[in-house]
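Basis for what follows: all heavy atoms, side chains included, without hydrogens, waters or symmetry-related copies. Residue numbers run from 1 in the order of the sequence given.
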Amino acid sequence: MRTVFVAGHSKLPTGIAANHISESLTLTLEIDQKYGVIVDASCTLATDHGRGYIKSLLKGFSLKDGIEEPLDTLRKGYLGKAGNALEAALKDAHKQYHQHM
């Protein structure tokens, strides 16, 4: 096995489309075990476009280098109401990754 799968969770703000599906947001990351690089990402935003955009923002970062650079990219790139929830889910996924590696 060359990759691991981690999930981070957070609470969504009220009044956004994804909140009608669920009250929480899940961000999943497939991470290369050797280098810690995010090779794939998915989240439970309501639109395909939003999910694909978050994937493109996070793909390629190494969690071995810390969380600040992907968080900064997420803050600058995603300007929607779920931004804080995405950040919290990324922090949670990072925590899960480091607990198990």
Side-chain angles (χ1 to χ4, degrees):
M1 180 172 37
R2 295 181 185 178
T3 61
V4 293
F5 186 85
V6 298
H9 306 277
S10 67
K11 186 169 172 56
L12 282 167
T14 57
I16 65 170
N19 192 269
H20 295 282
I21 300 165
S22 173
E23 291 183 7
S24 65
L25 181 130
T26 300
L27 174 69
T28 59
L29 305 173
E30 182 181 355
I31 303 167
D32 176 85
Q33 286 193 60
K34 185 173 182 179
Y35 300 105
V37 173
I38 299 170
V39 296
D40 203 359
S42 183
C43 66
T44 56
L45 288 177
T47 66
D48 289 337
H49 192 192
R51 292 188 297 272
Y53 186 73
I54 297 305
K55 175 180 180 172
S56 71
L57 286 178
L58 297 177
K59 202 170 167 183
F61 284 106
S62 174
L63 295 185
K64 288 186 176 184
D65 294 337
I67 193 70
E68 287 309 313
E69 193 174 0
L71 275 174
D72 188 52
T73 298
L74 191 58
R75 284 182 194 119
K76 289 177 180 173
Y78 181 84
L79 305 179
K81 290 183 180 180
N84 289 338
L86 284 163
E87 288 180 36
L90 180 56
K91 288 176 185 176
D92 187 43
H94 183 254
K95 177 182 168 185
Q96 297 301 320
Y97 170 73
H98 280 290
Q99 283 181 343
H100 298 285
M101 295 308 288

Suppose we screen for side-chain hydrogen bond (donor to acceptor under 3.5 Å, both in side chains). Which residues come up paired with [X], at least two apart in sequence or across chains?
X   : value
S10 : none
E87 : R75
T73 : none
E69 : none

Per the ring-ring contact (aromatic ring centres under 6.0 Å, His included) rule, what does the pair list look like for residues 75-101, sequence neighbours excluded? H94-H98
Which atom names give the shortest non-hydrogen contact between A85 and K11, and what distance separates them? CB-O, 3.5 Å
Identify the heavy atoms of L45 and A82 that sit nearest to each other, and give their distance. CD2-CB, 3.9 Å
Could you state the interatomic distance from [atom1] ([X]) to [atom2] ([Y]), rounded to the nearest 0.5 Å?
X   : Y    : atom1 : atom2 : result
L63 : M101 : CG    : CE    : 10.0 Å
S42 : L27  : OG    : CG    : 8.0 Å
I38 : L90  : CD1   : CG    : 6.5 Å

Counting only heavy atoms from other residues, nucleotides and ligands, does the tally under 6.0 Å from NZ of K64 exceed 12? yes
H9: side chain to side chain contact (heavy atoms under 4.5 Å, CB included) partners, not counting sequence neighbours: A7, T26, D92
Residues which pass side chain to side chain contact (heavy atoms under 4.5 Å, CB included) with T3, listed by chain and number, not counting sequence neighbours: E30, V39
Identify each donor-acceptor pair in which a side-chain atom of residues 53-60 lies under 3.5 Å from a protein atom, sequence neighbours left out, and give them as a table.
| unit_1 | atom_1 | unit_2 | atom_2 | d |
| --- | --- | --- | --- | --- |
| Y53 | OH | G77 | O | 3.2 |
| K55 | NZ | D40 | OD1 | 3.1 |
| S56 | OG | Y53 | O | 2.7 |

How far apart are the C-alpha atoms of L12 and T44, what are their side-chain angles, what is the distance that settles it, and do they pass the side-chain contact (heavy atoms from CB on, under 4.5 Å) test? CA-CA 10 Å; L12 282 167; T44 56; 5.6 Å; no
If Ile, Leu, Val, Met, Phe, Trp and Tyr residues are connected whenever their side-chain heavy atoms lie under 4.5 Å apart, and connections chain through other members, are V4 and I67 in the same group? yes
Output all residues satisfying salt bridge (Lys or Arg N to Asp or Glu O under 4.0 Å) with K76, sequence neighbours left out; order by chain, then residue number. D72
